[in-house]
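Below is one structure, written out as structure tokens; comments come after it.
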Amino acid sequence: MQQTFKAADAANRLLAWYDRHHRDLPWRVSPPMARDGVVADPYHVWLSEVMLQQTTVQAVKPYFHRFLSLWPKVTDLAAADTEEVMKAWAGLGYYARARNLKKCAEAVAGNHQGVFPDTEEGLKALPGIGDYTAAAVAAIAFNRQSAVLDGNVERVVSRLHAIDTPLPTAKPQMRALVAKMTPADRPGDFAQGMMDLGATICTPKRPACALCPFNDICTALKTADPETFPRKAARKDKPLRVGAAFVASCPEGAVYLRKRVETGLLGGMTEVPGTAWTARIDGETSVEAQPFAAGWEPCGTITHVFTHFELRLSVYRANVANRNKSGNGWWEPLASLEEQALPTVMKKAIAQAIPHAFRGKRDRTREPRNT
DNA sequence: AACACGGGGTG
DNA sequence: CACCCAGTGTT
């Protein structure tokens, strides 16, 4: 495909748009300061970028503040108890990110004197930092002219150039186009501007092309339907898995919990006892899997959708007079349930058995997604 | 290159 | 409610 505009002009136009329409986010330095060469704290940038992997700004904000309040410096996070980090991450998903976050903090504290590497290459060598995050931190925190390519930017450039090659094959081509556009001056603001544009204007559905700074040079808008970009390979359908979960409570108002193995799905997180999650229920699996003998009674099912399968859990509940000591679990008071490292599916199971277990839901305010 | 890995947004 | 979104690590 051929270039129909000057990359440098496009960069200037994008920066001008960002100056007027950028969002104020807790981990950002505002454009006026950025123009004076001020850069954000690398620890803040890194923490926010890891949290923002596959996750919306709205979901990240409270977690970001909580982490900084608990661990103000990367060395604090390095010294933290991993279990406390998992608790603070609970609900954010993709829990390997939290394990790698901790490992990365330890590496920075232990091997780099508590100072983040200031190059893309140095950053990418750290746990949990891949192509995107290395480029983003290098550009935003260190003013490096790195080509930052996330899902938002992929959408913007694929439309700008009407790239017909599907993802992920087209990724190197897209990265080259972004590299060509990225300015030496304010590369971090350019990256954040491109991501903001993708998040607020060049959206997956019904993009607001009339408001876009590129609407006169966008090939997709001129020659095709922007909404059909980026092209991507057809995704496979999700299989259904089923299982059972056992929620035991006692008169003192506590629930029996245990810890999942460190690796794999929901690794290292807390759970209520249950069966394995299989394609279908075989025979008396549910009865055999009860963590201890009790008057288990069915109390409905819950459904939870993971990345690559859908889970239907039959929930059983029982009230036990004397706390069972068998197994490696523990009895957690209802009052402190919220502070546990409970993934959402486990909160659903507990809420199904004990409707009042979690009070006070998060408030939902509207805000554009992702940076 | 394909898969494993959560949770939340949109229409 | 059905569908869409999307970085890193592993294999």
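By convention in this document, chain letters (A, B, ...) are assigned in the order of the sequence lines, proteins followed by strands, and residues within each chain are numbered from 1. Small disclaimer: the values here were computed from a predicted structure and weren't measured.
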Minimum-distance nucleotide to [X] side chain [options: [options]]:
X: Lys232(A); options: dG7(B), dC5(B), dC5(C); answer: dC5(C)
X: Gln53(A); options: dA4(B), dG6(B), dT8(C); answer: dT8(C)
X: Phe306(A); options: dG11(B), dG6(B), dG7(C); answer: dG6(B)
X: Pro343(A); options: dG7(B), dG7(C), dG9(B); answer: dG7(B)
X: Tyr95(A); options: dG8(B), dG7(B), dA6(C); answer: dG7(B)

Give one of base, sugar-phosphate or nothing for [X], where a contact means two heavy atoms less than 4.0 Å apart.
X: Thr169(A); result: nothing
X: Gly267(A); result: nothing
X: Pro127(A); result: sugar-phosphate

Return no unless some side-chain N or O of [X] is found under 4.0 Å from OP1 or OP2 of [N].
X: Tyr132(A); N: dA6(C); value: no
X: Thr344(A); N: dG7(B); value: yes
X: Arg155(A); N: dA6(C); value: yes
X: His308(A); N: dC5(B); value: yes

Pairwise P distance, dC5(B) and dC5(C) [rounded to whole Å]: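 dC5(C) and dC5(B) have their P atoms separated by 22 Å.
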Atom P, compared across dT11(C) and dG6(B): separation rounded to whole Å: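 Nearest-Å result for dT11(C) against dG6(B) at atom P: 15 Å.
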Trace of the side-chain hydrogen bond (donor to acceptor under 3.5 Å, both in side chains) decision for Gln53(A) with Thr133(A): CA-CA 8 Å; Gln53(A) 292 165 9; Thr133(A) 307; 2.9 Å; yes
Side-chain donor-acceptor contact under 3.5 Å, Asn100(A) with Arg97(A):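 The criterion, which ignores hydrogens and geometry beyond distance, is not satisfied for Arg97(A) and Asn100(A).
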Contacts of type ring-ring contact (aromatic ring centres under 6.0 Å, His included), residue Phe142(A), not counting sequence neighbours: none
Non-neighbouring partners of Phe67(A) that pass ring-ring contact (aromatic ring centres under 6.0 Å, His included), sequence neighbours left out: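 ring-ring contact (aromatic ring centres under 6.0 Å, His included) check on Phe67(A) returns Trp71(A), Trp89(A).
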Pairwise 5' ranking along DNA chain C for Pro230(A) and Lys124(A), keeping only the more 5' one: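 With Pro230(A) and Lys124(A) compared, the 5'-side residue is Pro230(A).
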Any N/O donor-acceptor pair, Thr307(A) side-chain to dG6(B) base, under 3.5 Å: yes
Heavy-atom check, side chain of Val39(A) versus side chain of Ile140(A), under 4.5 Å: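 A side-chain contact under 4.5 Å is absent here.
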